[in-house]
Protein chains: 2
Amino acid sequence: MESRPVSIKDVADRAGVAVGTVSNVLNHPARVSSVTRERVQGAIDALGFVRNDAARQLRAGQSRTIGLVVLDVGNPFFSSLARAAEDCAAENGSTVVLGDSGQDADREARYIDVFEQQRVQGMLISPVGDVGPRVEALRTRGMPVVLVDRTDAQRRCSSVSVDDVAGGYMAVRHLLDAGRRRIVFVGTRADYRQVADRLAGARQAVEEHDGAVLEVVEAEAMTVLAGRDVGDGIAQRPRGELPDGVFCANDLLAIGVMQAVLMIHGLRIPEDIALIGYDDIDFSASAVVPLSSVRKPTTLMGRTAVELLLEEIEGPASRRRQVIFDPELVERGSTRAVVGAVG
Amino acid sequence: MESRPVSIKDVADRAGVAVGTVSNVLNHPARVSSVTRERVQGAIDALGFVRNDAARQLRAGQSRTIGLVVLDVGNPFFSSLARAAEDCAAENGSTVVLGDSGQDADREARYIDVFEQQRVQGMLISPVGDVGPRVEALRTRGMPVVLVDRTDAQRRCSSVSVDDVAGGYMAVRHLLDAGRRRIVFVGTRADYRQVADRLAGARQAVEEHDGAVLEVVEAEAMTVLAGRDVGDGIAQRPRGELPDGVFCANDLLAIGVMQAVLMIHGLRIPEDIALIGYDDIDFSASAVVPLSSVRKPTTLMGRTAVELLLEEIEGPASRRRQVIFDPELVERGSTRAVVGAVG
DNA sequence: ACGTGCTAATGAAACGATTCAAAAGCACGA
DNA sequence: TCGTGCTTTTGAATCGTTTCATTAGCACGT
């Protein structure tokens, strides 16, 4: 009953040709006369032949597959990045397979191993911790690697990332432009480089502006609940000490702050407090007051990462490139200028 | 400079043993004396040898990889399902590679092809449209397939899904138990089998209960904004005609309804209207009023899917099984009983 | 010295597709 | 008839690993 899989040999026998001819039908159809081609194709269909990729790869020495290791597929940033990478790869005849490290270094290592054993064309890695040595080893064995959402300070490989300092600057500059002067930055104790960068950008914007002050408020975590606590604390202050602009290190925090400010304390957004977040998650557009935010060029990042990788696959001689994108301001109701807006 | 990759032959030469011995070190270490083992291991490390999976697979005839094709990695349901599947596969020495069809049939077909060419051990598919013929073809070629989040009416393969009728019943039953009688179901025109099933369950619960009435309100889409419109329409009714319980076909709708009911019309949840959603997305727990919901046993589903697949891989003789899980009620503030709660 | 019973190591064959030098087939002109 | 220049087809060699029948090596008892 359970017969062994159909090979190119079986197809050749049935069509009455040599194996080389079948291979040519599959890979160089122009070399084969149309009558033979049709006979072979008929045999392929009749037998349900499916090419054995292992054998093909073994001979070819490399595959048409790109490995992508992400921190968390549940995070919308990574899922749309993956989508974009897949599209771009498909246009170039490659396929992306995804490995989710779940921020776990062991798991990350496992996927890197598996992909290397599979002889993928190259890897895109958004690393958990320090993948320096790892990447170094891959490169000595000739495996192209591009880092995603992280630069490589030692320039061992190309990378695609976002300038979070610019993003922080952009957000606070936007608040200042809307006439706000007493700015609060909400973030966690800056273990994450990302948060630290955003704060640095915020500082820079405030320092450029006479009369503006920046206060840093620390949240327990980067979640809605933590944001609600922070918002609660802020909104309880006496009227005269209220900030008029709040920049949160991500959208979840901002949504929490919004809930507290609006619901618990009855203040108005943006009239009393203008509010801006970071990441532009889907939810932000449909918050009670649509939330302004700072968006990473996710799609562009995914495409660029694949392009850099392909570049390196084609010509390994090419030098490493660190591509850093600027984020984009997304202006919504939570910071809309209110003076003269009706006019 | 760019030397060809290190093969088992190179390792054998350096260690001064035969290739078969190196292979034994890798696959059957017990068969090799410890002194030889160490010498070979040393050569492996020194040369940076990485096993060529293509060659291994070619010989073995099958891989240790499971292909998972999902509708949308951005959807938390699928990302946690994938996570669970990966864990379960890892425990059994396999690796899951993920393909995101993005609800696109072509893309889905491409991933299925790629996985079949890669001779994966088996596939888990959450299908876009009608994959019947597709699955049929795979099966005749001996490829194990398990459907996810969908049953196979023709029982051509095993499947893992959720009983949405039971989920709908559960949600409305919960509202009834909390003393609500005028129930509204919010959903889209039921193209999705899932939504239709949830409504059917809701109907059933209401019919079992004397004096309870069910009204169906149609939303434009399954989004927060569409929910807000619906909530707006409901809350504008004269007090006497207000429902006292609302069941939304997903959490996004429910959050929209909540925003409209609370913010625009100043009604209270759950005092005036008890509200329950479906899916239990992360956001629900941190809504202004924490949202009750119906949760699918995502992790269990992922594990079970892998288990069914492995079962079929081991013994192809095993009959197909349709596993249907019951969803779980998650009770939060939006439906909390208010009478006597303080006591 | 020789057989017995081990364990350890060997190396050729096999997996299935691709490649490529060589052969075959064919048309045409000399 | 033969050579020339073309297109089409052939099939052996190759990729790197695993398997397995065989051989080698060694200790022990007779």
Side-chain angles (χ1 to χ4, degrees), chain A residues 3-41 43-44 47-65 113-114 116-121 141-142, chain B residues 3-41 43-44 47-65 93 113-114 116-120 141-142:
Chain A
S3 60
R4 63 160 185 67
V6 180
S7 81
I8 212 174
K9 179 74 169 34
D10 302 322
V11 174
D13 287 349
R14 179 177 240 259
V17 297
V19 291
T21 304
V22 178
S23 175
N24 280 333
V25 169
L26 294 170
N27 303 296
H28 310 278
R31 290 189 196 159
V32 182
S33 71
S34 62
V35 44
T36 312
R37 193 161 54 229
E38 272 162 38
R39 206 159 29 134
V40 170
Q41 194 58 57
I44 288 175
L47 297 173
F49 167 74
V50 176
R51 211 211 240 89
N52 183 327
D53 203 48
R56 182 234 265 283
Q57 246 190 77
L58 175 57
R59 184 62 236 251
Q62 59 144 34
S63 67
R64 300 294 302 167
T65 298
D113 285 344
V114 168
E116 192 180 9
Q117 289 178 16
Q118 290 182 350
R119 298 289 191 273
V120 294
Q121 296 179 276
R141 287 178 228 125
Chain B
S3 59
R4 62 162 187 64
V6 179
S7 80
I8 214 174
K9 178 74 170 33
D10 302 323
V11 174
D13 288 350
R14 179 177 241 259
V17 298
V19 291
T21 305
V22 178
S23 175
N24 280 334
V25 170
L26 294 171
N27 304 297
H28 309 279
R31 290 190 196 157
V32 183
S33 72
S34 62
V35 44
T36 311
R37 191 161 56 229
E38 271 162 37
R39 205 157 32 132
V40 170
Q41 195 58 56
I44 288 175
L47 296 173
F49 166 75
V50 176
R51 210 209 239 92
N52 183 328
D53 202 48
R56 183 235 264 281
Q57 247 190 75
L58 175 58
R59 185 62 237 248
Q62 63 146 32
S63 67
R64 300 296 301 168
T65 298
D113 285 346
V114 168
E116 192 180 10
Q117 289 178 17
Q118 289 182 351
R119 299 288 191 275
V120 295
R141 289 180 227 125

Rounded interatomic separation in angstrom, taking [atom1] from [X] and [atom2] from [N]:
X: B:R56; N: D:dC15; atom1: CZ; atom2: P; result: 21 Å
X: A:I8; N: C:dA17; atom1: CD1; atom2: C1'; result: 5 Å
X: A:L58; N: C:dT19; atom1: CG; atom2: C1'; result: 13 Å
X: A:R51; N: C:dG16; atom1: CZ; atom2: C1'; result: 12 Å
X: B:F49; N: D:dG16; atom1: CZ; atom2: P; result: 10 Å
X: B:Q62; N: D:dT18; atom1: CD; atom2: P; result: 15 Å

* Asked: What nucleotide, of D:dT18, D:dG16, C:dT18, holds the atom closest to the side chain of B:S23?
  ->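 Selected nucleotide: D:dT18.
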- Options D:dT17, C:dT18, D:dT18, nucleotide nearest the side-chain atoms of B:L26: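 Of the candidates, D:dT18 comes closest.
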Identify, with sequence neighbours excluded, every residue that meets side chain to side chain contact (heavy atoms under 4.5 Å, CB included) alongside [X].
X: B:N27; result: B:S23, B:R51, B:R56
X: B:S7; result: B:K9, B:D10
X: A:Q41; result: A:V25, A:I44, A:D45
X: A:N24; result: A:H28, A:R31, A:V32

Quiz item: To the nearest 10 degrees, how far apart in direction are the end axes of the helix from C:dA1-D:dT30 to C:dA30-D:dT1, each fit to five base pairs?
Solution: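 For the helix from C:dA1-D:dT30 to C:dA30-D:dT1, the axes at opposite ends meet at about 80°.
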Which atom pairs link the protein and nucleotides 9-13 of chain D when you take only N or O atoms and keep those under 3.5 Å?
{"residue": "D:dT9", "atom": "OP1", "partner": "A:S33", "partner atom": "OG", "Å": "3.1"}
{"residue": "D:dT9", "atom": "OP1", "partner": "A:T36", "partner atom": "OG1", "Å": "2.3"}
{"residue": "D:dT9", "atom": "OP2", "partner": "A:S33", "partner atom": "N", "Å": "3.2"}
{"residue": "D:dT10", "atom": "OP2", "partner": "A:A18", "partner atom": "N", "Å": "2.9"}
{"residue": "D:dT10", "atom": "OP2", "partner": "A:T21", "partner atom": "OG1", "Å": "2.7"}

Holding to side-chain hydrogen bond (donor to acceptor under 3.5 Å, both in side chains), I want the full list of residues that pass it with [X], two or more places apart in sequence or in another chain.
X: A:T36; result: A:S33
X: B:Q117; result: none
X: B:Q57; result: B:D53

With sugar-phosphate taken as primed atoms, P, OP1 and OP2 and all else as base, the protein-contact string of nucleotides 22-28 of chain C at under 4.0 Å (heavy atoms; B, S, -) is -------
Phosphate oxygens OP1/OP2 of [N]: is one of them under 4.0 Å from a side-chain N or O of [X]?
X: A:H28; N: C:dT19; value: yes
X: A:N52; N: C:dA17; value: no
X: B:S7; N: D:dG16; value: no

- Task: Check every strand shown and say whether A:D53 touches a base, only sugar-phosphate, or nothing at a heavy-atom separation below 4.0 Å.
- Result: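 If one applies the 4.0 Å heavy-atom cut-off, A:D53 turns out to touch nothing in the nucleic acid.
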Say whether, by atom type as modelled, one donor and one acceptor occur between the side chain of A:R141 and the main chain of B:P5 under 3.5 angstrom.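 No, the answer is negative, given that no donor and acceptor are paired below the 3.5 Å cut-off.
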Can you name the atoms? Protein N/O to nucleotides 23-25 of chain D N/O, anything below 3.5 Å, with the distance.
none

Going from OG1 on B:T21 to CZ on B:R37, what distance comes out if it is rounded to the nearest 0.5 angstrom?
->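 Spacing of OG1 (B:T21) from CZ (B:R37) equals 12.5 Å.
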